[in-house]
**Q** 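Let me begin by handing over the structure; questions about it come next.
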Amino acid sequence: MSRERIPARHRPGPYAWLGPVALCLGIASWVLLVPGVVCAVGAVVCGAASVTTRGDHRLDITALLGIALGAAHVLVSIMLLLWTMR
């Protein structure tokens, strides 16, 4: 198969779990209030690791969604922190 045709779900080994873990952490960051920022940072780190170690596989959509959810949570947290400091 060509480089762009191997789906991300067919990745072998432990790297196959980075995308789903990133998505779960991204969702958990919005559900859990106190440890939400920690989960959001974990989602961004796991998603970035999944994207950078993809090799011959397509980009993992779940990793990209996890990165987006985690980054959005971090940005909202920073904006709320700055807003309360005014």
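Given the structure is predicted, the values throughout are model-derived calculations rather than measurements.
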**Q** Once rounded to the nearest 0.5 Å, what's the spacing between atom CD1 of Ile78 and atom CG of Leu75?
**A** 6.0 Å
**Q** Measuring from Leu23:CG to Ile27:CD1, what's the distance to the nearest 0.5 Å?
**A** 4.0 Å
**Q** Please find the pair of heavy atoms, one from Gly47 and one from Ile67, that lie closest to each other, and give the distance.
**A** C-CD1, 3.5 Å
**Q** Output yes when a side-chain donor or acceptor of Ser77 lies under 3.5 Å from a complementary backbone atom of His73, and no otherwise.
**A** yes
**Q** Do Trp30 and Val76 make a side-chain contact, defined as non-hydrogen atoms from C-beta onward lying under 4.5 Å apart?
**A** yes
**Q** Using every non-hydrogen atom in the two residues, find where Ser29 and Gly36 come nearest and quote the distance to one decimal.
**A** CB-O, 3.2 Å
**Q** Show the nearest heavy-atom pair for residues Leu25 and Cys46, with the distance to one decimal.
**A** CD1-SG, 4.3 Å
**Q** Looking at Leu81 and Thr84, what are the two nearest heavy atoms and their distance?
**A** O-OG1, 2.9 Å
**Q** So how far is it from Leu69 CG to Cys39 SG, rounded to the nearest 0.5 Å?
**A** 12.0 Å
**Q** Show the nearest heavy-atom pair for residues Ala16 and Pro20, with the distance to one decimal.
**A** O-CD, 3.5 Å
**Q** Shortest non-hydrogen contact from Val44 to Gly70?
**A** CG2-C, 3.9 Å
**Q** Hydrophobic clusters here meaning ILVMFWY residues chained together by side-chain heavy-atom distances under 4.5 Å, can you tell me if Leu82 and Val74 are in one?
**A** yes
**Q** Could you check if a side-chain atom of Val51 sits within less than 4.5 angstrom of a side-chain atom of Asp60, using non-hydrogen atoms only?
**A** no
